[in-house]
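Data first, discussion second: the structure below is written as C-alpha cells.
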Amino acid sequence: MAQADRSLVLVGTFRDEAVRCVREASASVGCTPAIVTRHEEAAGALAEVTDPIAVVVRMDAEGAAQTFAHIRGHARLAHLPILGVVAQRDDLAFTELFSWGGDDIFAVDSVPSLARRLRPLAARAATPTEPKPRERSVVIAGTDARWRSVMGRAIYQGGFAVRFVAGVEDLAKEAVADGVHVVVVADDLGDGFAEAALKATRAAGSTRAWIVVAPPKRMAALSASIGSLGPVSVADGFAPPENVLFLTNELLSRRGVDKRASPRVLYGSTVAFRAAGRDEDEIGFSYNVSAGGLYVRTLAPLDPGQEVWLDMWPPRSERRVRLAGTVAWRRAFGPSEWATVPAGFGVSVTDGLAGDLDRWRVGYQVFADSLLGTAKKRT
C-alpha cells in the first residue's frame with residue numbers, strides 16, 4: 001500500500017461509483033485514499049498509514065464492529081475519527097455508530113458531503129496541537145474493555161483526564177483519589193455492586209458525582225435505590241456514550257449558578273439541515289435541545305452566524321417540523337479543554353413553517369417536564 005502524508009482509510013467493499021466519490025473528495029482536501037476491502041485487514045493497513053486523518057467503514061459488512069473495536073482499543077488510533085457508511089441514515093444507524101465509537105454517518109455517493117467532513121479534519125491533521133495537562137479526572141469502571149475504551153474516548157474528548165478500572169477491587173480507591181470529579185460505573189460489575197460502592201464512598205464522606213450506566217430495564221430500579229445518594233445520575237446504557245459527557249457536565253454545573261432561559265435536555269434524533277438557500281440537506285443527529293434551540297452532532301458543522309433550515313421530529317410529537325434558525329456556535333472535532341459537547345453546532349431557533357415553531361416548543365416542554373420531574377424525584 002502506498003504511503004501518504006495524509007490518508008483516508010476506506011474499509012469494506014464499495015461500488016465503483018462510491019470509490020470514485022471518495023477519491024474525488026479526498027483529492028479536494030489534499031489527502032490520498034487507502035482502500036482495504038477486508039475488515040480483518042484493517043488493523044495492518046492502519047499500521048502502514050503514516051498520518052491517517054479519518055477512517056471510512058461500511059457498517060453493514062461482516063466484521064465492521066470488530067474494526068471499530070480495534071481502532072478504539074489502539075492507543076495511537078483511539079481518537080481517530082471514524083465515519084460510517086450505511087444504507088439508511090436513521091436513528092438506529094446513528095445510535096449503533098456512536099455505541100461502536102464512531103463519529104458521523106455520510107452519504108458515500110455525495111462528493112460535497114464527504115468533502116465537508118474531511119476539510120476540517122485535514123486542516124486539523126496539518127496543524128496538530130500538543131494536549132494540555134488536565135486537572136479534572138473521571139474514573140470509568142466496567143468489565144468490558146471495549147465499553148471502557150469507547151466511553152473513555154467520549155469523556156476525554158470533553159476535556160477530562162480518564163482513569164480506567166476493570167474490576168471491583170480498585171474502584172473504591174480510585175473513586176476517592178485526588179483530582180477525580182466524577183465516577184462512571186457500568187452496571188455490570190456484579191449484582192448491587194454499584195449501589196454498595198456508592199454508599200461506601202458516601203459513608204466515608206465523599207461527595208463526588210457518580211453516574212451509573214445501565215440497560216433501560218434497570219434504570220428505574222437503580223434511580224429509586226441510589227437517587228437519594230446525590231449527586232448521582234443513571235444513564236441509559238444503550239444511548240450514545242457522549243450522553244454521559246452531558247450528564248458529567250450537568251452534575252458538575254449544579255455547583256454553580258444556572259443562567260439558562262430554559263433547561264437543556266438530552267434528545268437524540270436525526271436532523272436534516274442545510275445552510276439557508278442551499279440545495280442539499282446534510283444529515284446530523286441532535287444532542288440536546290431547549291425551548292429556544294438545539295445542538296446538532298456532525299463532522300460538517302455550519303459556521304456561526306449562518307442561517308440554517310432544519311427538518312426533524314421534535315420530542316413528543318406525531319409529526320415532523322421545519323424550523324429556521326441561526327448558528328450560534330460550533331465545536332470542531334477533537335479533544336478540547338472544557339468542552340461540553342461532541343463535534344457539531346448549536347442553533348438558535350427563530351422561526352418555523354405553519355405553526356411548527358409552537359409545535360417544537362410544546363413538544364420540548366412536555367418532554368423536559370417529564371424528564372426533569374423524574375430527575376427531581378431522584379435528587
Side-chain angles (χ1 to χ4, degrees), residues 43 46 65-80 82 96-102 131 133-204 206-219 221-222 225-226 229 231-249 251-252 335:
L46 283 165
Q66 288 71 27
T67 298
F68 278 78
H70 168 79
I71 295 171
R72 291 297 167 245
H74 195 292
R76 172 177 170 255
L77 307 171
H79 302 290
L80 186 67
I82 305 179
E96 184 173 57
L97 174 94
F98 296 143
S99 71
W100 288 358
R134 300 175 176 211
E135 298 179 357
R136 305 179 302 164
S137 294
V138 173
V139 171
I140 298 177
T143 60
D144 188 327
R146 173 176 161 182
W147 178 86
R148 292 196 309 270
S149 64
V150 170
M151 185 62 67
R153 176 179 185 263
I155 299 298
Y156 182 85
Q157 297 275 56
F160 294 90
V162 175
R163 303 183 183 191
F164 292 110
V165 173
V168 300
E169 296 82 4
D170 296 326
L171 179 56
K173 178 177 67 175
E174 289 293 333
V176 296
D178 291 341
V180 172
H181 284 62
V182 178
V183 180
V184 177
V185 183
D187 185 41
D188 66 354
L189 292 173
D191 187 25
F193 176 78
E195 179 181 357
L198 175 56
K199 287 181 177 178
T201 62
R202 292 292 185 255
S206 172
T207 60
R208 285 167 184 165
W210 278 54
I211 299 171
V212 180
V213 183
K217 65 181 181 181
R218 285 271 298 149
M219 292 179 68
L222 275 170
S225 64
I226 67 177
L229 302 174
V232 63
S233 186
V234 178
D236 184 349
F238 293 173
E242 287 78 9
N243 286 17
V244 173
L245 174 63
F246 176 89
L247 295 174
T248 295
N249 285 293
L251 288 168
L252 296 179

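All values below were derived from every heavy atom in this structure, side-chain atoms included, with hydrogens, water molecules and symmetry-related copies excluded.
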### Message
In this structure, is the centre-to-centre distance between the rings of His79 and Tyr156 below 6.0 Å?
### Response
yes
Which distance, rounded to the nearest 0.5 Å, do you find between the [atom1] of [X] and the [atom2] of [Y]?
| X | Y | atom1 | atom2 | answer |
| --- | --- | --- | --- | --- |
| Ile71 | Arg76 | CD1 | CZ | 11.0 Å |
| Thr207 | Leu229 | OG1 | CG | 13.0 Å |
| Leu80 | Arg153 | CG | CZ | 8.0 Å |
| Glu242 | Met151 | CD | CE | 8.5 Å |
| His74 | Leu46 | NE2 | CG | 8.5 Å |

### Query
Quick check: does any side chain N or O of Arg148 sit under 3.5 Å from a backbone N or O of Gly142, one acting as donor and the other as acceptor?
yes
### Query
Do the side chain of Arg72 and the main chain of Leu77 share a donor and acceptor less than 3.5 angstrom apart?
yes
Kindly give the heavy-atom pair with the smallest separation between [X] and [Y], and that separation in Å.
| X | Y | value |
| --- | --- | --- |
| Ile140 | Gly152 | CD1-CA, 3.3 Å |
| Trp210 | Val185 | CZ3-CG2, 3.6 Å |
| Ser149 | Phe164 | N-CE2, 4.5 Å |
| Ile82 | Gly101 | CD1-O, 4.4 Å |
| Ile211 | Ala235 | CG2-CB, 3.9 Å |
| Ala214 | Met219 | O-CG, 4.0 Å |

### Query
Do Asp187 and Leu222 pass the side chain to side chain contact (heavy atoms under 4.5 Å, CB included) test, and can you show the C-alpha distance, the side-chain angles, and the key distance before you say yes or no?
CA-CA 9 Å; Asp187 185 41; Leu222 275 170; 3.9 Å; yes
#### Entry: Partners passing side chain to side chain contact (heavy atoms under 4.5 Å, CB included) against Ser206 (at least two apart in sequence or in another chain)
Val176, Thr201, Arg202, Arg208
### Task
Decide side chain to side chain contact (heavy atoms under 4.5 Å, CB included) for Val183 and Val165; before the verdict, give the C-alpha distance in whole Å, the side-chain angles of both, and the deciding distance to 0.1 Å.
CA-CA 10 Å; Val183 180; Val165 173; over 6 Å; no
### Message
Is there a side chain to side chain contact (heavy atoms under 4.5 Å, CB included) between Val213 and Trp147? Walk through the geometry before answering.
### Response
CA-CA 11 Å; Val213 183; Trp147 178 86; 4.0 Å; yes
### side chain to side chain contact (heavy atoms under 4.5 Å, CB included) evaluation trace for Phe160 with Leu245
CA-CA 10 Å; Phe160 294 90; Leu245 174 63; 4.0 Å; yes
### Task
Could you list the residues that satisfy ring pair (Phe, Tyr, Trp, His ring centres under 6.0 Å) with Trp100, not counting sequence neighbours?
Phe68
